[in-house]
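As the structure lists them, so they are numbered: ligands from 1, and atoms in each ligand from 1.
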Amino acid sequence: MKRTSRDIRTANRYEVLRQIIAESPTSRQELAAATGLSLATVATLVGELLDLGMLTEVGFEDSAGGRPRGLVAVNASGGALIGVDIAETYVRVELFDLALNVLARADEDMRPGESRPVQVVGHVATAVGSVVAQAGVEGARVLGVGVSVPGQVDRATGIAEYAPNWDWHDVPLLDLLAEHISYPLYLDNPLRACAVAELWFGAARGRGNAVVVNLGTGVGAGLAFGGGLHRGVSNSAGEWGHTTLVLDGRLCHCGNHGCVETYVGAPGIMQNLRELSPRSPLHHPEDQTATIDALARGVAAQDPVAVKVVRDTARYLGAGIADLVNLLNPEVVVLSSWVAAALGEPLLEEVREAVARHALKRPLAATEIVLSPIPTDPVCLGAATFALEGALSSVTQKSNQRPNRRTWSRQ
Ligand SMILES: [Zn+2]
């Protein structure tokens, strides 16, 4: 696809707004320095964002004897964004103001087997209705809803092409959601959402090359090169969870054997536990969250089985992450999502040791491995930024009087 001048204008506007959201208040001069855009371009873009009510002027700062510089900040009440994290075991929805502060949150648990598209859509619709009501925002102020769903997605058509853990094939998810949700909808997956959340607010801020390892029921790697997301040619880069770790190993939902995910995703960790200690009370069959939480408590209490399971898991994870380090030479590897959050520092320490055993010295020396520092759900946050990007793209189109594109005509 060719990048048009409109795409570039949207991208520049998004970049300027992103800088302001990450650090407010700021001056046009600082924005030009941070984005590499000319001061004139920044001034134009800031003017447009002020006209849209997304920014506000907040005074002046002295500039060492020169003319005082006008400061702008994000206008937090200038709109609301919704981020949806559809995971295998839950749906979480958060409503954000324009500064990306969480104003409301709703959680829906999904029981095992409750994964038909119509059931998932029902949970999302309920939770979206709930956050809008809780936050008391008028519907007209909701600029969009970013939806993250596991697996391969086609952003342009809104189709969830393949979700191996649910055996979803070509589910027209955005069309199904649009029957219940009247706001503009934008679809992507958790790898992209977590990576963008880290780039804006987390451990990858100010670092161009980052790998965000997503550890949940499914597993994958969000990739950022040169400060931007790397999507690959068909938006499926980072499917590291389905790379082969063990030849002829465990059967994966994707049909392959020995995928990384089958050893370090939540069900894989449960199997690591079962193989080590088949009757362990740490094991809660059919309940991934309860088992991972029990392991975390077990490690804190120095339970030898729990310690060994986390160590075994970290060995698999370390070998897989060392591949990413050798292949991509990132500045930072971030462990994200709910399994990483639950197992925390003990997992991180074991992973660091395991990676050091497998990775080459030079890329290893340049890489820091950290836990995600984002205190809220990074997937919701990242998904909300997709809605923001979509909203900026649609205002560019409106101001250009171009025909509506499908992604934003759904209102
Ligand atoms: Zn697989």
Side-chain angles (χ1 to χ4, degrees), residues 85-90 110 112-113 115-117 120 148-154 159-171 173 187-195 211-223 230-275 285-286 288-289 291-292 309 312-328 333 335-340 343 347 351 354-355 358 379:
D85 173 9
I86 302 175
E88 282 86 349
T89 54
Y90 61 86
M110 286 200 291
S115 58
R116 283 188 296 125
V120 173
S148 162
V149 69
Q152 322 262 283
V153 304
D154 186 323
I159 289 175
E161 286 190 346
Y162 179 44
N165 283 311
W166 288 337
D167 204 24
W168 278 16
H169 297 270
D170 295 324
V171 172
L173 188 60
L187 187 68
D188 214 317
N189 81 6
L191 304 184
R192 247 58 80 193
C194 282
V211 173
V212 181
V213 170
N214 202 319
L215 295 175
T217 304
V219 167
L223 307 175
H230 176 72
R231 296 180 177 279
V233 73
S234 63
N235 198 38
S236 83
E239 289 293 350
W240 166 76
H242 298 286
T243 57
T244 305
L245 183 62
V246 178
L247 274 180
D248 303 319
R250 296 176 183 169
L251 178 63
C252 183
H253 290 291
C254 76
N256 200 353
H257 283 268
C259 290
V260 169
E261 181 170 303
T262 61
Y263 295 87
V264 305
I269 297 173
M270 289 167 81
Q271 189 162 343
N272 298 343
L273 169 61
R274 265 197 313 276
E275 289 181 1
E286 302 287 312
Q288 299 178 18
T289 318
T291 307
I292 300 297
V309 169
D312 289 349
T313 302
R315 287 185 64 220
Y316 291 120
L317 200 47
I321 291 175
D323 290 351
L324 293 169
V325 168
N326 286 354
L327 201 61
L328 303 171
V333 174
L335 306 186
S336 180
S337 197
W338 66 269
V339 171
L343 297 178
L347 177 72
V351 165
V355 173
H358 293 280
V379 179

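Each ring pair (Phe, Tyr, Trp, His ring centres under 6.0 Å) pair with one or both residues in residues 232-256, not counting sequence neighbours, would appear here, but there are none.
Judged purely by distance below 3.5 Å, without hydrogens or angles, the side chains of S337 and N214 pair a donor atom with an acceptor atom.
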Check: residues 263-271 side-chain donor-acceptor pairs under 3.5 Å, at least two apart:
unit_1: Y263; atom_1: OH; unit_2: R250; atom_2: N; d: 3.0
unit_1: Q271; atom_1: NE2; unit_2: E275; atom_2: OE2; d: 3.1

Side chains of residues 313-328: which donor-acceptor pairs under 3.5 Å do they make with residues two or more places apart or in other chains?
unit_1: T313; atom_1: OG1; unit_2: N272; atom_2: ND2; d: 3.1
unit_1: T313; atom_1: OG1; unit_2: V309; atom_2: O; d: 2.8
unit_1: N326; atom_1: OD1; unit_2: L360; atom_2: N; d: 2.9

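Residue-and-atom listing of protein N/O/S atoms under 2.8 Å from the Zn ion (ligand 1), sorted by chain and number: H242 ND1, C252 SG, C254 SG, C259 SG.
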>> Set out, in order, the CA-CA distance, both residues' side-chain angles and the distance that settles side chain to side chain contact (heavy atoms under 4.5 Å, CB included) for Q288 and T89, then state yes or no.
In response: CA-CA 8 Å; Q288 299 178 18; T89 54; 3.9 Å; yes
> Stepwise, does the side chain to side chain donor-acceptor pair (under 3.5 Å) test hold for E88 with S115?
Replying inline: CA-CA 8 Å; E88 282 86 349; S115 58; over 6 Å; no
